[in-house]
Amino acid sequence: MLDIKLIRENPEKINELLKRRNPELSIDKVLEIDADRRKIQAEADELRSKRKNESQKIGMMKKNGENTDAIQEEVRALGDEIKALEEKQVELDNAQKDLLLHIPNIPDETTPIGKSEDDNPTVSTWGEPTKFDFEFKPHWDLCEEKNLVDFERGVKLSQSRFTLYRGKGAKLERAIIQFFLDLHTEKHGYEEILPPFMANAATMTGTGQLPKFKEDMYKCVDEDLYLIPTAEVPVTNIYAGEILSEDDLPKYMTAYTPCFRREAGSAGKDTRGLIRVHQFNKVEMVKLTTPESSPEEHEKLTQDAEQCLKMLGLPFRRVALCTADIGFSANKCYDLEVWLPSYNNYKEISSCSNYGDYQARRANIRYRNKEGKLQFVHTINGSGLAVGRTFAAIVENFQQADGTILIPEVLQKYMGTDRI
RNA sequence: GGAAAAGUGGCCGAGUCGGCUGAAGGCGGCACCCUGCUAAGGUGUUAUGUGGAGUAAUCUGCAUCAUGGGUUCGAAUCCCAUCUUUUCCGCCA
């Protein structure tokens with residue numbers, strides 16, 4: 001959430017930045033409520049102060065054996081007034097908080113301005129789109145033929161868009177997870193985390209999934225728990241409500257988790273194969289940093305994600321998301337897109353975002369700097385990588401004329417073979 | 001799932017017939033002082049949020065003793081609910 005003080009002091013600037021995302025956005029309503037809120041608080045504070053003093057006086061008088069009936073009645077009336085004001089104050093506090101929770105982060109100055117995803121500039125490309133001298137197959141056909149994924153029975157077990165990996169397919173999925181985790185922990189310096197796959201409402205609010213994106217998540221019926229849509233949620237919130245020391249920063253954490261998404265509103269999109277399903281595996285990287293180092297750490301994290309693709313030998317490009325396309329909580333974001341022959345196009349496989357202090361303010365993650373002052377950390381995260389989409393990209397890009405699929409060298413030690 | 005006990009500041013730990021306690025004391029941290037014998041001693045300082053005044057240093061109101069309600073002129077202190085922790089019992093991979 002945005003800092004109310006920042007909003008108060010730079011309303012034009014904040015509005016201008018928000019309108020880069022969407023011309024409809026504005027903080028004017030927040031400012032209105034804020035003014036009322038402060039006025040009420042001042043009044044209530046004054047009455048509370050008065051009550052405190054009077055009550056102490058009553059204590060003294062009682063000790064001296066004086067009659068306090070009159071003054072007690074007076075203070076009781078004061079109490080009623082305070083109560084009325086407090087109710088008003090709570091109402092305004094909640095209204096303001098609710099508004100703030102629904103306002104997205106302001107884009108970074110370096111985030112390209114645009115009106116839709118068509119305005120996302122490509123920053124760089126690596127490798128060339130794969131060429132075949134035979135008729136290649138999309139991964140959904142290959143997976144079925146080779147019995148790597150049993151799409152039909154997956155649906156039978158749960159619902160459409162749920163997948164059942166089996167045999168070499170299940171093993172390849174596991175190998176990819178292992179490779180990513182080993183790479184990030186051994187070469188990139190991340191701590192491996194295995195978090196709960198369900199999180200409560202407070203945790204979901206910390207990273208920005210709630211309250212605005214409730215319908216995107218699966219919720220438990222009898223508990224205040226949601227299935228996580230990404231490891232970002234539990235991992236970023238590990239230090240929620242805590243105060244870190246500057247020496248603790250930056251924190252590098254990586255986690256494999258399944259991710260659960262209802263994909264409400266994407267009916268008809270990517271209906272075949274592994275690209276868009278309700279439960280998929282992902283290895284996520286999360287960083288907590290100081291404000292000074294976050295731009296650099298964001299670049300480094302993006303490179304860590306790119307390293308996964310390079311080592312697998314998958315062609316990809318990096319695009320910078322424009323102001324209309326970056327996520328709700330992010331101020332800057334790069335997407336990595338892998339070449340997918342069946343789409344004859346690049347497809348998102350990682351999203352690396354810098355959130356500034358937006359999530360930290362929601363989750364209340366602070367650190368004490370060298371001068372002893374408390375500050376919010378900056379949070380950064382990115383996929384390293386989406387495992388199901390990596391699986392699909394490997395199957396499609398490395399398929400051979402004889403129907404086999406070459407296993408990238410870095411995965412061979414996990415697979416125990418160089419082709420399947 | 002049942003029973004019992006407990007939840008105070010960075011940490012430990014006082015605070016039970018409600019009143020000057022935002023909270024004793026200790027540890028740790030920070031600053032200064034003293035001192036030459038491998039470290040100790042002395043003094044001071046050391047929570048967060050939110051509002052007001054001031055260019056600022058800073059000053060100041062209010063709130064906060066797990067969370068949310070309630071009782072009361074007044075609550076860390078009493079009552080209720082929730083959450084968490086510990087122990088015992090039951091169940092279980």
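A, B, ... follow the sequence lines: proteins, then strands. Residue 1 opens every chain.
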Rounding to the closest angstrom, what is the interatomic distance between [N] and [M] at atom [atom1]?
| N | M | atom1 | answer |
| --- | --- | --- | --- |
| B:rC80 | B:rG9 | P | 24 Å |
| B:rG15 | B:rA6 | C1' | 16 Å |
| B:rA81 | B:rG28 | C1' | 38 Å |
| B:rA75 | B:rG69 | P | 14 Å |
| B:rG13 | B:rC27 | C1' | 10 Å |
| B:rA57 | B:rU72 | P | 44 Å |
| B:rU58 | B:rU77 | C1' | 35 Å |
| B:rG26 | B:rU45 | P | 13 Å |

Taking atom [atom2] of [N] as reference, at what distance in whole Å does atom [atom1] of [X] sit?
| X | N | atom1 | atom2 | value |
| --- | --- | --- | --- | --- |
| A:Glu46 | B:rA53 | CD | P | 14 Å |
| A:Leu78 | B:rG74 | CG | P | 9 Å |
| A:Asp69 | B:rU72 | CG | C1' | 14 Å |
| A:Asp224 | B:rU84 | CG | P | 11 Å |
| A:Ile71 | B:rC73 | CD1 | P | 12 Å |
| A:Met60 | B:rG19 | CE | C1' | 10 Å |
| A:Ile40 | B:rC62 | CD1 | P | 18 Å |
| A:Arg51 | B:rG19 | CZ | P | 17 Å |

At a cut-off of 3.5 Å, list every protein nitrogen or oxygen paired with a nitrogen or oxygen from nucleotides 45-52 of chain B, distance to 0.1 Å.
unit_1	atom_1	unit_2	atom_2	d
B:rU48	O3'	A:Arg366	NH1	3.1
B:rG49	OP1	A:Arg366	NH1	3.1
B:rU50	O3'	A:Arg37	NH2	3.2
B:rU50	O2'	A:Gln41	OE1	2.7
B:rU50	O2'	A:Gln41	NE2	3.0
B:rG51	OP1	A:Arg8	NH2	2.6
B:rG51	OP1	A:Arg37	NH2	2.9
B:rG52	OP1	A:Arg38	NH1	2.8

Give me the one residue out of A:Lys57, A:Arg51, A:Lys52 that meets salt bridge (charged side-chain N to carboxylate O under 4.0 Å, His left out) with A:Glu54.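 Answer to the salt bridge (charged side-chain N to carboxylate O under 4.0 Å, His left out) test with A:Glu54 among A:Lys57, A:Arg51, A:Lys52: A:Lys57.
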Indicate, with a heavy-atom threshold strictly under 4.0 Å, whether A:Lys52 touches base, sugar-phosphate, or nothing.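 Sugar-phosphate only.
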A:Asn397: partners by side-chain contact (heavy atoms from CB on, under 4.5 Å), with sequence neighbours left out: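 A:Thr130, A:Leu314, A:Pro315, A:Trp339, A:Pro341, A:Ala393.
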Name all residues meeting the side-chain contact (heavy atoms from CB on, under 4.5 Å) criterion together with A:Thr205; count only those two or more places apart in sequence or in a different chain, and write none if there are none.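 A:Thr205 satisfies side-chain contact (heavy atoms from CB on, under 4.5 Å) with A:Leu101, A:Leu210, A:Arg362 only.
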Under 4.0 Å from OP1 or OP2 of B:rC62: is there any side-chain N or O of A:Ser49 that close?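 A:Ser49 to B:rC62 OP1/OP2: side-chain N or O found under 4.0 Å.
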Over 60° means perpendicular and under 30° means parallel, so classify the ring planes of A:Tyr252 and A:Tyr190, tilted if in between.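 Ring orientation of A:Tyr190 relative to A:Tyr252: tilted.
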Parallel, tilted or perpendicular, as decided by the 30° and 60° cut-offs, for the rings of A:Tyr334 and A:His298: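 Aromatic pair A:His298/A:Tyr334 classed parallel.
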Is a side-chain donor-acceptor pair under 3.5 Å present for [Y] with [X]?
| X | Y | answer |
| --- | --- | --- |
| A:Gln178 | A:Tyr256 | no |
| A:Tyr358 | A:His378 | no |
| A:Glu263 | A:Ser266 | yes |

Does [atom1] belonging to [X] count more than 12 external heavy atoms closer than 6.0 Å?
| X | atom1 | result |
| --- | --- | --- |
| A:Glu192 | CD | yes |
| A:Lys50 | NZ | no |
| A:Met61 | CE | yes |

Residue whose nearest RNA chain B nucleotide is more 5′ - A:Gln72 or A:Gly59: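 So the residue in question is A:Gly59.
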Using both pair distances under 3.5 Å as the test, note the stems of at least 3 consecutive Watson-Crick or G-U pairs that include RNA chain B.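 Stems for RNA chain B, defined as runs of 3 or more consecutive pairs: B:1-7 with B:83-89, B:10-12 with B:25-27, B:28-33 with B:41-46, B:47-53 with B:58-64, B:66-70 with B:78-82.
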How long is the gap from CG on A:Asn364 to CD on A:Gln359, to the nearest 0.5 Å?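 A:Asn364 atom CG to A:Gln359 atom CD measures 13.5 Å (nearest 0.5 Å).
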State which residues pass ring pair (Phe, Tyr, Trp, His ring centres under 6.0 Å) with A:Phe179; sequence neighbours excluded, sorted by chain then number.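 Result, ring pair (Phe, Tyr, Trp, His ring centres under 6.0 Å) vs A:Phe179: none returned.
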Quick check on contacts: within residues 82-106 of chain A, what sits under 4.0 Å from RNA chain B by heavy-atom distance?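 The stretch gives A:Lys83 as the residues lying under 4.0 Å from the strand, ordered by number.
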